[in-house]
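See structure below.
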Amino acid sequence: MSHQHTQQENDIACSCGHEHHSHAHHDHAHGDACSCGHVHHHHDHEECTDPNCSCHEQHCETEKLPGIVYTQVKLHDDAKVVSGSLTLVGDYETIRRSLSEGLKEFAAAVTERGGLIGHIKASAKITGTEMFSVTETEVMIKPAPEQQIDIVLAAIVFFLSEEEAEQLARKALEAACPPA
């Protein structure tokens, strides 16, 4: 039986940074191996009963609380693959500098402990708000003093324990948090 899918239906973005193709069939999930060595699934989240499936992690990202660092580590051959996320509200330039310092410290700590860095990457999505108000005919625009910053971290490190890798990633994200 042949199934046709649009390109949009088949492309799945994942935390390893690659785009993966999935061919979902009517009533079951189908795992596809890709060049990064992972198996990626595509199916309706409501139908998924596998607690280890990454769709649960992706679904929960929208339910994460601001100011809380979320991390996890998985083994991939000899590598520790660490992912993390953090949502903050504040001045992006300040958070940007703090996150950069945290990532430098992460890299230095891996090296100091005899580890090897595959990569340490972070992305920041900045959402700002502007208020538009009209009195009579003039429009006044006032930007909000703070922005929402969604940070996602991905790291691959070698020769560290899972606990060390996760602890260092957590510390790097915590560095981005403004002092209370």
Side-chain angles (χ1 to χ4, degrees), residues 7-9 11-20 36 38 40 42 44-46 48 53-74 79-113 115 117-157 160 162-180:
Q7 190 68 22
Q8 184 177 13
E9 291 171 336
D11 292 343
I12 299 172
C14 82
S15 61
C16 72
H18 298 103
E19 194 164 65
H20 305 280
C36 71
H38 299 111
H40 302 277
H42 178 71
D44 290 330
H45 179 72
E46 293 78 25
C48 182
C53 176
S54 64
C55 77
H56 294 282
E57 295 158 20
Q58 292 167 359
H59 173 73
C60 294
E61 285 192 28
T62 59
E63 299 170 11
K64 292 183 177 176
L65 299 173
I68 305 295
V69 173
Y70 295 90
T71 58
Q72 71 173 15
V73 64
K74 294 186 179 188
K80 308 313 179 289
V81 180
V82 187
S83 59
S85 64
L86 171 64
T87 298
L88 296 170
V89 175
D91 174 57
Y92 176 62
E93 288 305 315
T94 302
I95 291 169
R96 179 187 203 195
R97 284 189 298 273
S98 299
L99 177 60
S100 293
E101 285 303 311
L103 295 173
K104 284 183 200 175
E105 290 172 13
F106 185 179
V110 168
T111 304
E112 287 170 9
R113 295 174 188 209
I117 300 168
H119 74 245
I120 300 173
K121 297 180 181 183
S123 65
K125 178 181 172 189
I126 302 94
T127 306
T129 302
E130 291 187 328
M131 296 297 296
F132 293 77
S133 66
V134 177
T135 54
E136 303 197 23
T137 59
E138 292 298 314
V139 177
M140 293 178 16
I141 304 170
K142 183 178 179 182
E146 297 182 324
Q147 299 143 324
Q148 177 175 314
I149 300 101
D150 296 308
I151 301 169
V152 176
L153 175 115
I156 298 175
V157 295
L160 296 178
E162 292 175 63
E163 294 78 19
E164 287 176 306
E166 187 169 16
Q167 175 193 25
L168 293 174
R170 177 175 294 282
K171 188 174 179 184
L173 287 171
E174 288 171 347
C177 294

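For the pair E130 (side chain) and K142 (backbone), a donor-acceptor distance under 3.5 Å is absent. Using a distance-only test at 3.5 Å, with no hydrogens or angles considered, a donor-acceptor pair links the side chain of Y70 to the main chain of L65. With hydrogens and angles ignored, the 3.5 Å screen pairs no side-chain donor or acceptor of T94 with any backbone N or O of G90. In this structure, the side chain of K80 engages the main chain of L160 through a donor-acceptor pair within 3.5 Å.
What you find for A175 and G102 is that their closest heavy atoms are CB-CA, 3.7 Å. Here the closest heavy-atom approach between residue L86 and residue G67 is recorded as CD1-C, 3.8 Å. When all heavy atoms of F106 and A165 are compared, the pair lying nearest together is CZ-O, 4.2 Å.
In this structure K171 satisfies the salt bridge (charged side-chain N to carboxylate O under 4.0 Å, His left out) test with no other residue, sequence neighbours excluded. Remark: E105 pairs with no residue by the salt bridge (charged side-chain N to carboxylate O under 4.0 Å, His left out) rule, at least two apart or across chains.
Here OG1 of T127 is found 13.5 Å from CD of E146. Values are rounded to the nearest 0.5 Å. Atom CG in L173 sits 7.5 Å away from atom CG in L103 (nearest 0.5 Å). Between Q147 atom CD and I126 atom CD1 the span is 7.0 Å, to the nearest 0.5 Å. The structure places NZ of K74 at 11.5 Å from CD of E162, a figure rounded to the nearest 0.5 Å.
V134 is not listed as a side-chain neighbour of E136, based on a closest heavy-atom distance of 4.5 Å or more.
Under the side-chain contact (heavy atoms from CB on, under 4.5 Å) rule, L99 has a single partner from L88, I149, I151, which is I151.
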(Q) Under the criterion side-chain hydrogen bond (donor to acceptor under 3.5 Å, both in side chains), I'd like the reasoning laid out for K64 against S85: C-alpha separation, chi angles, the key distance, then a yes or no. (A) CA-CA 9 Å; K64 292 183 177 176; S85 64; 3.1 Å; yes
